Amino acid sequence: MALSAYQFTADTIYQELPAAVQNMAKRCLLDLVGTAIAGTQTPLSRIIRNHAVRAFGAAAGAPSARLMFDGRRASPVGAALAGGMTIDSFDAHDGHVLTKGHAGCAILPALLAVAETRDMSGAEFLASLATGYEIAIRAGISQHATAPDYHTSGSWNALGAAAIAAHLWGLGETQFRHAIGIAEFHGPRSQMMRCIDFPTMLKDGSGWGAMGGISAAYLAEDGFTGAPAIVVEGNNVKSFWNDLGKEWRFLGMYFKPYPVCRWAQPSVEAALILRRKHNILPETIAHVEIDTFDAGVRLNQRRPETTEAAQYSLPFPVAAALVRGQLLPTDIAGASLVDAEILSMNDRIKPITVPEIDKLFPAERMARARIYLKDGTVFESELTTARGDAERPLSDAEIVAKYHSLADDIIGCEGAAVLRSTIETLDSARSVRGLLDLVLAPVDAQRKAAAA
């Protein structure tokens with residue numbers, strides 16, 4: 001008999017998890033934390049953190065939580081909102097191909113907010129992270145199979161946030177069901193392709209998903225009703241839940257080597273393969289064609305004026321990669337957005353929808369690059385997928401290197417190393433407070449503490 005979502009969260013113990021799930025939880029935590037550190041430098045994060053403190057402050061005597069890498073306090077609902085949007089502001093976080101979106105950028109901030117209200121061990125924290133991911137991923141797959149429109153991640157990762165909050169706050173099964181039902185109903189069913197066509201700070205809805213999940217658990221605790229969550233309990237989605245507790249969809253996570261939309265990453269990869277293989281200099285390139293799937297072609301921000309537009313562009317990161325020979329976090333923000341050489345290359349890149357590639361989406365996201373040189377030479381890549389998929393995972397060493405590329409310049413190399421070590425040994429920590437004091441402290445304080 002299949003486990004219910006309530007039984008799954010109640011029965012999951014870190015020490016009994018498969019080793020692969022334990023390792024994945026740590027990989028996801030490190031990757032999310034690095035992305036959050038980078039995200040604090042964006043205008044989006046600054047605005048939403050100020051908004052959370054101003055609009056979602058904790059009432060006197062009520063629970064409060066610190067904001068990620070900020071240190072100021074808001075209600076747990078506000079802290080979850082700010083953390084989710086901060087991670088989402090820098091498009092380097094993990095995802096799952098069958099959800100066409102992201103679970104962790106809502107699950108981690110929600111879990112941090114809950115951890116501020118009650119102490120727990122490091123192992124309990126990691127187990128909650130894994131279960132929150134698993135419920136969110138299955139809710140996302142269920143929703144995509146049954147909803148007529150393509151909604152942002154916040155519409156389904158809210159259920160994972162609600163589930164872990166309800167469990168950790170000790171809600172019974174009836175209240176648990178109401179919590180995830182409220183989260184499903186109040187989660188932001190916003191149109192993802194609107195944000196692709198018109199990139200703004202709205203991003204993928206995950207901040208509102210984290211906030212909606214925490215709010216839902218609080219409401220259910222107070223007796224507010226909202227069950228059932230139809231993407232969990234509906235008769236037409238049972239096939240997505242009947243192996244809960246036996247198989248882990250969580251193990252299908254991908255990790256991004258580059259801080260841009262996953263749909264652009266196969267194109268970046270294909271272009272870099274050709275540049276490196278044939279030692280192509282950018283000044284010799286006449287134009288570039290990219291064969292890919294239609295959703296990738298929709299990433300058509302030609303002259304991005306903001307980092308949000310650059311992250312949701314296909315030609316711009318391909319151009320930056322061809323000019324620089326790599327694609328770093330600094331290449332999709334700041335001075336790079338007005339770099340004349342990148343913009344010139346950007347204008348020479350043509351994305352093309354290829355039906356044979358499009359029919360493989362979303363299970364496979366693939367691209368082929370053709371680089372035409374000024375002397376008439378043409379180089380064409382193989383059909384290429386992005387690195388970091390479950391079938392082609394980044395190694396632990398690559399995840400660590402990515403983390404340091406995101407964190408070192410902001411909190412300092414020593415501070416980043418201390419935080420990484422804390423995450424790597426978290427399962428042996430009797431309390432998660434040590435992690436919280438690092439992840440919830442202002443970035444400047446971390447740099448100073450490490451230097452002292």
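As the structure is a prediction and not an experimental result, all values here were calculated from the model. Only heavy atoms go into these numbers, but all of them, side chains included; no hydrogens, no water, no symmetry mates.
Without hydrogens or angle criteria, Y258 side chain to E269 main chain gives no donor-acceptor distance under 3.5 Å. Between the side chain of E308 and the main chain of S89, no donor-acceptor pair closer than 3.5 Å is present. In this structure, the side chain of S142 engages the main chain of V231 through a donor-acceptor pair within 3.5 Å. Judged by distance alone, with hydrogens and angles left aside, the side-chain atoms of E233 form no donor-acceptor pair with the main-chain N or O of P228 at under 3.5 Å. Checking side-chain atoms of N346 against main-chain N and O of F316 turns up a donor-acceptor pair under 3.5 Å. In terms of modelled atom types and a separation under 3.5 Å, the side chain of T12 and the main chain of F8 share a donor-acceptor contact. The closest donor-acceptor contact from the side chain of S215 to the backbone of M211 lies at 3.5 Å or more, if one exists at all. Panel note: side chain R324, backbone A320; no donor-acceptor pair is recorded below 3.5 Å. Looking only at distances, no side-chain donor or acceptor of E184 sits under 3.5 Å from a matching main-chain atom of L159. The closest donor-acceptor contact from the side chain of T35 to the backbone of D31 lies under 3.5 Å.
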Start with the C-alpha distance between R66 and D437, add both sets of side-chain angles, then the distance that settles salt bridge (charged side-chain N to carboxylate O under 4.0 Å, His left out), and finish with yes or no.
CA-CA 9 Å; R66 289 169 288 176; D437 288 341; 3.1 Å; yes
Might you work through the side-chain contact (heavy atoms from CB on, under 4.5 Å) test for V33 and F69, ending with a clear yes or no?
CA-CA 9 Å; V33 165; F69 297 105; 3.7 Å; yes
Can you list the steps and then say if I196 with L299 is a side-chain contact (heavy atoms from CB on, under 4.5 Å)?
CA-CA 6 Å; I196 296 297; L299 299 169; 3.8 Å; yes
Could you walk me through whether I411 and V443 pass side-chain contact (heavy atoms from CB on, under 4.5 Å), step by step?
CA-CA 6 Å; I411 65 172; V443 291; 4.0 Å; yes
Report the C-alpha distance between K26 and D396 in whole Å, list the side-chain angles of each, state the deciding distance to 0.1 Å, and finish with yes or no for side-chain contact (heavy atoms from CB on, under 4.5 Å).
CA-CA 10 Å; K26 289 184 179 181; D396 288 347; over 6 Å; no
H51 vs F56, ring-ring contact (aromatic ring centres under 6.0 Å, His included): CA-CA, chis, key distance, verdict:
CA-CA 7 Å; H51 177 70; F56 295 94; 5.7 Å; yes
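Atom CD of residue E414 and atom CG of residue D408 lie 10.5 Å apart, to the nearest 0.5 angstrom. Once rounded to the nearest 0.5 Å, the distance linking CG of L394 with CG of D94 reads 11.0 Å. Here CD1 of I423 is found 4.0 Å from CG of L29. Values are rounded to the nearest 0.5 Å. How far CZ of F125 is from CG of L108: 5.5 Å, rounded to the nearest 0.5 Å. Here the straight-line distance linking atom CG of D88 with atom OG1 of T152 works out to 9.0 Å at 0.5 Å rounding. Interatomic distance, M85 CE to C105 SG, rounded to the nearest 0.5 Å: 10.0 Å.
Residues L244 and Q7 have side chains not in contact (no heavy-atom distance under 4.5 Å, counting atoms from C-beta outward). Looking at F255 and C28, their side chains come closer than 4.5 Å, going by heavy atoms from C-beta outward. Using a 4.5 Å cut-off on side-chain heavy atoms (C-beta onward), K238 and N242 make no contact. Taking the side chain as every heavy atom from C-beta outward, L406 and I37 never approach each other to under 4.5 Å. Contact annotation: the side chain of Q311 approaches that of K203 to within less than 4.5 Å [non-hydrogen atoms, C-beta and beyond]. In this structure, V400 and L30 have side chains that are in contact, with non-hydrogen atoms separated by less than 4.5 Å. Using a 4.5 Å heavy-atom threshold, the side chains of R49 and V53 count as separate. Using a 4.5 Å cut-off on side-chain heavy atoms (C-beta onward), I137 and I141 make contact.
One finds no salt bridge joining R365 and D389 here, because no Lys/Arg side-chain nitrogen approaches an Asp/Glu carboxylate oxygen to under 4.0 Å. Residues R138 and D243 are paired through a salt bridge, judged by an N-O separation under 4.0 Å between the basic side chain and the carboxylate. A salt bridge does not link R189 with D149: none of the charged nitrogens is closer than 4.0 Å to a carboxylate oxygen. A salt bridge links E116 to R433: at least one charged side-chain nitrogen sits closer than 4.0 Å to a carboxylate oxygen.
No more than 12 heavy atoms of other residues, nucleotides or ligands lie within 6.0 Å of CD in E305, so this atom counts as exposed by the packing criterion. Enclosure of atom OH in Y150 by more than 12 non-hydrogen atoms of other residues, nucleotides or ligands within 6.0 angstrom is indicated. No more than 12 heavy-atom neighbours from other residues, nucleotides or ligands sit within 6.0 angstrom of CZ on R194.
Between Y133 and G104, the shortest heavy-atom contact is OH-CA, 3.2 Å. When all heavy atoms are compared, the tightest approach of P63 to A58 is O-CB, 3.4 Å. The heavy-atom pair separating P442 from D70 by the smallest distance is CG-O, 3.0 Å. Of all heavy-atom pairs spanning I164 and T131, the tightest one is CG2-OG1, 3.8 Å. The shortest non-hydrogen separation linking N300 to P315 is OD1-CG, 4.3 Å. Across all their heavy atoms, A36 and M68 have their closest contact at CB-CE, 3.7 Å.
Ring geometry for H102 versus H93: interplanar angle of 30 to 60°, hence tilted. In this pair, F361 and W263 present their aromatic rings perpendicular. The plane angle is above 60°, beyond the 30 to 60° band.
Shown are L67, I87, T86; of these, the side chain to side chain contact (heavy atoms under 4.5 Å, CB included) with T40 is made only by T86. Under the side chain to side chain contact (heavy atoms under 4.5 Å, CB included) test applied with W208, the options S153, P188, S155 reduce to a single match, P188.
Residues W169 and Y218 bring their aromatic ring centres within 6.0 Å. Not less than 6.0 angstrom separates the ring centroid of Y6 from the ring centroid of H167.
For the pair R262 and Y254, the cation-pi test (distance below 6.0 Å, angle within 45°) is passed.
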